[in-house]
Amino acid sequence: MMRKHGRLMAALCLCVAFLSGCGEAKVPEIVDTPSVAVSKEGEVTVWQVGLFDKADYVLSELQTMATQEAAQFNSDSGKASAVTVDKVEALEGGSGKVVVAYRFDGWESASAFLEEELFFGTASEAALAGRTAGMTLESVKDGAPYSEEQLGQDADEKVVITDIKANIYCPGKVTHITPGASVNSDGSIDTSGVEGAVCILYR
């Protein structure tokens, strides 16, 4: 369960889901589970998915709440479009789920708004920020270990680092991941089996 400011999370107890693109990634047309994706340019799109099955819940009120929270965040951050609300809709099929789709101008805004760890950049940038200290990855191909030293040698390769428990879509081919994470059939990385932050290396 993600942490997040404001009434929206408290009212819905939503799980976070980011989706955008892996190169650009092919994300599901219907988003009904927590997922994360970043575009090549670093833009982050978020679908928050949660139950909205009470008789007194009104979708338009949720839309208003989400829009107000985004506007307040933009005002506080001094950036007019740090986050925008793309849509708020109920999923069909009687699941009782609702999706709130946000679009962020970058990982910094997404991390601050969601109050979760999220980083996108090169391995060298991550190392300089102290984000890869002590990290050991493994190959998605054969499970071979991949040390922090090896990660440092791939300084120009890109990484996504996050403690969000979700399916992560990256803008490239994933080669190494934190042990405990797994590769889904669509190429996204499931981080739900990892305690703490997950590092995903891709090319």
Side-chain angles (χ1 to χ4, degrees), residues 1-4 15-28 31 33-49 82-83 101-141 143-203:
M1 197 69 65
M2 61 171 265
R3 303 180 305 278
K4 181 184 178 297
C15 292
V16 71
F18 302 85
L19 283 174
S20 167
C22 266
E24 306 301 326
K26 294 181 179 179
V27 299
V31 180
T33 58
S35 303
V36 176
V38 180
S39 74
K40 283 185 174 180
E41 293 73 26
E43 185 180 73
V44 177
T45 305
V46 177
W47 281 258
Q48 293 183 329
V49 182
V83 55
Y102 294 97
R103 188 175 301 273
F104 296 92
D105 63 353
W107 64 266
E108 297 95 336
S109 295
S111 181
F113 183 83
L114 299 166
E115 298 179 3
E116 296 284 356
E117 180 179 2
L118 177 65
F119 171 84
F120 166 74
T122 65
S124 61
E125 289 170 340
L128 286 172
R131 295 177 181 270
T132 59
M135 281 192 170
T136 299
L137 309 184
E138 63 182 19
S139 169
V140 300
K141 182 178 180 180
Y146 189 80
S147 67
E148 181 183 349
E149 181 179 358
Q150 288 174 295
L151 181 60
Q153 292 171 354
D154 279 339
D156 294 329
E157 301 297 341
K158 295 295 183 67
V159 295
V160 170
I161 300 173
T162 184
D163 61 5
I164 299 166
K165 306 313 173 190
N167 294 333
I168 313 296
Y169 290 81
C170 303
K173 182 179 180 181
V174 174
T175 60
H176 296 82
I177 55 177
T178 297
S182 57
V183 183
N184 295 317
S185 59
D186 63 359
S188 63
I189 306 302
D190 181 1
T191 67
S192 62
V194 181
E195 183 176 349
V198 170
C199 180
I200 303 168
L201 178 70
Y202 64 91
R203 294 183 171 88

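The structure presented is a predicted model; accordingly, all values stated were derived computationally and were not measured.
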Any non-hydrogen side-chain atom of [X] less than 4.5 Å from a side-chain atom of [Y]?
X: Asp163; Y: Glu116; answer: yes
X: Asn184; Y: Asn167; answer: yes
X: Ile189; Y: Val183; answer: yes

Could you walk me through whether Ile168 and Val198 pass side-chain contact (heavy atoms from CB on, under 4.5 Å), step by step?
CA-CA 10 Å; Ile168 313 296; Val198 170; over 6 Å; no
Could you list the residues that satisfy side-chain contact (heavy atoms from CB on, under 4.5 Å) with Ala82, not counting sequence neighbours?
Phe73, Asn74, Ser77, Lys79, Asp105, Ser109
Residues forming a side-chain contact (heavy atoms from CB on, under 4.5 Å) with Ser182, sequence neighbours excluded:
Asp190
Expected output: side-chain Ser139 to main-chain His176 donor-acceptor under 3.5 Å:
no
Ignoring hydrogens and angles, tell me if any N or O in the side chain of Thr191 forms a donor-acceptor pair with the backbone of Ile164 under 3.5 Å.
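Checked: pair present.
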Can you give me the closest heavy-atom contact between [X] and [Y], atom names plus distance?
X: Asp154; Y: Ala123; result: O-CB, 3.3 Å
X: Ala197; Y: Met135; result: CB-CE, 4.3 Å
X: Ala126; Y: Phe119; result: CB-CE2, 3.5 Å
X: Trp107; Y: Phe120; result: NE1-O, 3.1 Å
X: Leu118; Y: Val160; result: CD1-CG1, 4.2 Å
X: Glu43; Y: Phe104; result: CG-O, 3.0 Å

Can you tell which of Thr136, Thr178, Thr162 makes a side-chain contact (heavy atoms from CB on, under 4.5 Å) with Cys199?
Thr178
Stepwise side-chain contact (heavy atoms from CB on, under 4.5 Å) check, Lys158 with Thr122:
CA-CA 4 Å; Lys158 295 295 183 67; Thr122 65; 3.8 Å; yes
Rounded distance (nearest 0.5 Å) linking atom OG of Ser124 with atom CD of Gln153
13.0 Å
At what distance, to the nearest 0.5 angstrom, does CD1 of Ile177 lie from CG of Leu137?
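Output value for this atom pair is 8.5 Å.
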